[in-house]
There are 2 protein chains.
Amino acid sequence: MSQTLTPKGRATRARIIEGAAEVLREQGVAAARLDDIRDRTATSKSQLFHYFPGGKDDLLLAVAQYEADRVLEDQQPHLGRLDSWESWKQWRDVVVERYEQQGDHCPLGALFLQVGRSTPGARAIVTALMRQWQEALADGVRAMQDQGMTSSRLDADRTAAALLAGVQGGVTIMMSTGDSSHLRAALDTGIELLRFHAVGEVSAP
Amino acid sequence: MSQTLTPKGRATRARIIEGAAEVLREQGVAAARLDDIRDRTATSKSQLFHYFPGGKDDLLLAVAQYEADRVLEDQQPHLGRLDSWESWKQWRDVVVERYEQQGDHCPLGALFLQVGRSTPGARAIVTALMRQWQEALADGVRAMQDQGMTSSRLDADRTAAALLAGVQGGVTIMMSTGDSSHLRAALDTGIELLRFHAVGEVSAP
DNA sequence: CAAAAAATGGACCGGCAAGTCCAAAGCTGG
DNA sequence: CCAGCTTTGGACTTGCCGGTCCATTTTTTG
């Protein structure tokens, strides 16, 4: 890729990433060939390597970043305003719907596997995503605590971590089995935990 | 593979699966070549295709089954006797230890991705594993309920599903980020949920 | 408008790894 | 001990696909 991208160049680059993301979702990383992406995006081989000098891995990493950004975006605005039971429920519904609709392809997981955990870039993308996601959930827990709607004894960060793990696992299981009940169970149980702490105020053992 | 396997043949087949599992754990599915497995298991190309006529995918599927069996085995005997707070804690420790030790390779997940979700065989393996795992957890919850140590109002299956999702997600996140705190949070929060229900007996909303 | 830089097209290359094949060796049962 | 199997060895083929290269067109800039 050249130092300075003209608007046309930027458009092409974006088109490649978006088209590649589609292809990868449809065919999976293992099955997707550079030629498929070339066809889909109406580009040539040289363009692919022009905009992603590192080759396929380079492109894959860019797509991973693109997909990672969408994960949180797709949960907005609910994820940013978890300050009432109603908003928690709306967020829950959006998450369930998003992943049920996505079907059985986990773009990020697949990309991650292909590019390799060891690659610093790949790990950084996922780590950042998880950190932001957990932070948003923790903010939500704290917002509820501030309003006295759940116990202030609850460790907001740990609760958020557990909830995030549940969502992740629920999605993973759904990808594998086609059954979203685990995702729903994890979300509902996690949210109910907050509610119980609102009423019970039982001290942790 | 022939209809009837002699003891020697069976031994070779088993050796291939075990050796392949090692190679796949070390190098990852994408990087592992048939020749690597051939070297590791001291076999020849023809043997690989003799015992796994379907080629690489066939072998990968066999390894997936092998790994799936080990997942539950490694949690025994604790997973089969979740009838006291102490046994739950022991189970928790075993899970954390097993996956922390496993490092950043998820053999099953990787295999699954390579072979493809659509493959009926692959999906069946994972589905069966999840069902058994969840069932074991649900049995544990019921055992606690029978002893009056947690509320009988709790939906054992749903609680088990949520806990399983948490474990899955915790492992996934650990694979990606190298941080096991989500796995711990999911396990601890899940078990604490049972304890709270023991004391509080608050009705669900 | 000319020169430089960027964007594009697409033919071509080369390596790699899955899969094939046949011959040879080793068991096993009658 | 031999006839028919299972098991084994390893050279060879094959197709695929990432990556290279250079010519050409388009855009920018001074």
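Only heavy atoms go into these numbers, but all of them, side chains included; no hydrogens, no water, no symmetry mates.
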Would you mind reading off the distance between [X] atom [atom1] and [N] atom [atom2], rounded to a whole angstrom?
X: B/Arg33; N: C/dC16; atom1: CZ; atom2: P; value: 9 Å
X: B/Asp58; N: C/dG19; atom1: CG; atom2: P; value: 10 Å
X: B/Phe49; N: D/dC12; atom1: CZ; atom2: P; value: 18 Å
X: B/Leu59; N: C/dG19; atom1: CG; atom2: P; value: 11 Å
X: B/Arg10; N: D/dT7; atom1: CZ; atom2: P; value: 9 Å
X: B/Leu5; N: C/dC27; atom1: CG; atom2: P; value: 15 Å
X: A/Arg38; N: C/dA11; atom1: CZ; atom2: P; value: 10 Å
X: A/Ile16; N: C/dT8; atom1: CD1; atom2: C1'; value: 11 Å

>> I need the B/Arg33 CZ to B/Lys56 NZ distance, nearest 0.5 Å.
In response: 9.0 Å
Ignoring backbone atoms, establish whether [X] has a side-chain N or O less than 4.0 Å from OP1 or OP2 of [N].
X: A/Tyr51; N: C/dA6; answer: no
X: A/Thr12; N: C/dT8; answer: yes
X: B/Ser46; N: C/dC21; answer: no
X: A/Thr6; N: C/dA7; answer: yes

> Any donor-acceptor pair under 3.5 Å between the side chain of B/Lys45 and the base of C/dG19?
Replying inline: yes
>> Tell me whether the side-chain N or O atoms of B/Lys56 pair up with the base of C/dG19 as donor and acceptor below 3.5 Å, since no angle test is needed here.
In response: no
> Going by an N to O cut-off under 4.0 Å, is there a salt bridge joining A/Glu18 and A/Arg40?
Replying inline: no
>> Both B/Thr43 and A/Ala31 contact DNA chain D. Which one's nearest nucleotide lies toward the 5' end?
In response: B/Thr43
> Pick the nucleotide of DNA chain C nearest each of B/Ala32 and A/Gln47; which residue has the one closer to the 5' end?
Replying inline: A/Gln47
> For A/Arg15 and B/Lys8, take the nucleotide of DNA chain C holding the closest heavy atom to each; which residue's nucleotide lies nearer the 5' end?
Replying inline: A/Arg15
> With a 3.5 Å cut-off and no angle check, do the side chains of A/Thr172 and B/Gln168 form a donor-acceptor pair?
Replying inline: no
> Are there more than 12 heavy atoms of other residues, nucleotides or ligands under 6.0 Å from atom CD of B/Glu97?
Replying inline: no
> Considering residues, nucleotides and ligands other than A/Arg81, do more than 12 of their heavy atoms fall under 6.0 Å from its CZ?
Replying inline: no
>> Among D/dT8, D/dT28, C/dA7, which nucleotide has an atom closest to any side-chain atom of B/His50?
In response: D/dT8
